[in-house]
Number of protein chains: 2
Amino acid sequence: MDGPNGKTVVERLRGAFDTLTRAERQLANALVDNYPMLGLESITTVAESAGVSTPTVVRMAKKLGFGGFPEMQATLRAELQATISSPIAKHDQWAENALEGHLLSRFADAVTENIRQTLNQIDKRTFDAVAELLSDQSRNVHVVGGRITRSMADHFFTHMQVIRPGVTQIASNSNSWPHYVLNMRPGDILVAFDIRRYEHDILRLAEMARARDVTIVLFTDQWGSPAARHAAHRFHARIEVPSAWDSTAVILFIAEALIAAIETHTWETTRARMNELEELFDRTRLFRKFV
Amino acid sequence: MDGPNGKTVVERLRGAFDTLTRAERQLANALVDNYPMLGLESITTVAESAGVSTPTVVRMAKKLGFGGFPEMQATLRAELQATISSPIAKHDQWAENALEGHLLSRFADAVTENIRQTLNQIDKRTFDAVAELLSDQSRNVHVVGGRITRSMADHFFTHMQVIRPGVTQIASNSNSWPHYVLNMRPGDILVAFDIRRYEHDILRLAEMARARDVTIVLFTDQWGSPAARHAAHRFHARIEVPSAWDSTAVILFIAEALIAAIETHTWETTRARMNELEELFDRTRLFRKFV
DNA sequence: AAGAGCCTGTAACAAAAATTTCAGAATTAA
DNA sequence: TTAATTCTGAAATTTTTGTTACAGGCTCTT
């Protein structure tokens, strides 16, 4: 696993990063980004991938304490060998050694595994059906979230609002929810986010919405919110991580993927809206470009 | 994962074994025994390790359907790459669901890869230092986000508010930001979220905060917000996905991991606060338990 | 603005890898 | 045993990779 000085290549790249020059940093970043595979290619390929010249590669290898490029490459192979022979070659093992066992990498493991499991359970047709449903601009969309999931709902709303008209965000104060129900028409869609601990108010809202022939799309956890029984479509995400809290990262992931799908469906309209939005930004100078 | 004929190198070695000559079998066995690492060495090393001549290696590679030794080696690299970098794509092959090529799985791949790359670049010490900083209850914490990242800031705030006292969420309307700056004291912390397109207002806020000796923790993308120069600590997340938008899932992931870390630091206080919160919930019946 | 000092890529060069040629060894068939 | 056939590696050759020298360019002083 270790090179000449008992350090892995990625450790050295990071350790010496400050002493590297512009082109060398560019190279170091490329190597770390595609660690360790890029380093196993020929020096020519490495240089081209990183957008630097081959001498830069040699110079950096020497700066890191290797005799030359082939020596660095041999070290990489040795690391790879060591890792490959360990039971499960999980991707995080490529991360810096020091991270091993660190909360951050355990968290990453959990989230990656959550994504995998969640994906395994999602029905592709549900996803496609929901994307199509939400692309139908004759239906209004109402978005609601609970105490923790409110920010997911907010994120989803922010994007949907750009993509299409007729999207409402339901305020977090549940006292005012009846007012929103008043505006729901048959055929409308209620997108609800509810994970444990499930909120009674969301169940009530779902009941009321359903009574008005509103189609409900629910983002929930693997156990399922009580509102699930009123939902026409459900996404069950895995949310457990090494923390006292659950992780909503996977829910966000599905929501973002859904946004991407809807966007594709409604691309003509969406593009026009996005352009218009850009113009408005420019005109109001609310947001300035950074060049 | 696949070579010219859609088969892995081992599969071909096994499949063609019968048609191989004595020296070639010797070589094939050596390659399989040390699969796949031996194949990544130079042709000379491979030949020596297997106890055959280099021409034998070339001949066998051609017999297996490769153009030459480098082509076989490139195939090996690609296999290895696929094995280590895409647990999900790999999983898809077994899953009945046949999500392959579906937007959802491409999205999942992108996010997983983003997590991996981001993790590769995060310095463990930065993470630990920030966790400790935010655990210091003598410092007030101010949280702010931009147009898109507002919901990340919101999520972070929601959790932090439970964990410790002295946390403020800065409203999204930037007109009122000076009011918030007024309340910032030296030693306070500003947690800012800013991804492209970077917002000028956040840069201004960071300037003002820094002038008051506030420590800035910045969540940004790989390119880095202009506010980065004022930040004491920065987290650079990868945010690119197959969509017109960027994905903030990785940012959320880091934020959640950070929350878990802070929670561990301040566990005594936090547990008390969480219990108290439970009681308040029960008493107000604002949120009911679902059993 | 001039000059020192450092970066960086081009280009020439050296080294090694990969391929091909070919002669002799091993094997097989008669 | 001998001749035909196939296999194999030494050696020559070609191709590619890796290294070095060097000059233009950039930045930072003065």
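In the text below, chain A, chain B and the rest are named by the order of the sequence lines, each starting its count at 1.
By the 6.0 Å and 45° rule, Arg12(B) stacks over the aromatic ring of Phe66(B). Both tests do not hold together for Arg116(B) against Tyr35(A): distance to the six-membered ring centre under 6.0 Å, angle to the ring axis within 45°.
Annotation: proximity of residues 44-59 of chain B to DNA chain C (heavy atom, distance under 4.0 Å) is found for Thr44(B), Thr54(B), Pro55(B), Val58(B), numbered in ascending order.
Contact annotation: Lys62(B) side-chain N/O to dA18(C) OP1/OP2 distance is not under 4.0 Å. Not one side-chain nitrogen or oxygen of Arg22(B) sits closer than 4.0 Å to the OP1 or OP2 atom of dA26(C).
Here the P atom of nucleotide dT19(C) and the CD atom of Glu71(B) are 10 Å apart, to the nearest Å. Taking atom CD on Glu24(B) and atom P on dT8(D), their separation rounds to 6 Å, with Å as the unit. Whole-Å rounding puts the Phe69(B) CZ to dT17(D) P distance at 13 Å. In this structure, CZ of Arg25(B) is placed 17 Å from P of dT6(D), rounded to the nearest angstrom. Counting to the nearest Å, the P atom of dG18(D) and the CD atom of Glu41(A) are 11 Å from each other. When rounded to the nearest whole Å, the span between CG of Leu27(B) and C1' of dG9(D) equals 14 Å. In this structure, Met72(B) places its CE atom 10 Å from P of dT19(C), rounding to the nearest Å. If you take CG of Leu40(B) and P of dA17(C), they are 15 Å apart, rounded to a whole angstrom.
Side chain to side chain, Glu48(A) and Thr45(A) fail the donor-acceptor criterion of an N or O pair below 3.5 Å. Side-chain contact, Asp188(B) with His142(B): a donor N or O sits under 3.5 Å from an acceptor N or O. There is a side-chain donor-acceptor pair under 3.5 Å between His155(A) and Glu256(A).
Less than 6.0 angstrom separates the ring centroid of His102(A) from the ring centroid of Phe127(B).
The side chain of Pro70(A) lies closest to dG18(D) when the candidates are dT8(D), dA18(C), dG18(D). Of all nucleotides listed (dA18(C), dG18(D), dG9(D)), dG9(D) comes nearest to the side chain of Ala23(B).
A donor-acceptor pair under 3.5 Å links the side-chain atoms of Trp177(B) to the main chain of Ala171(B), judged by distance alone.
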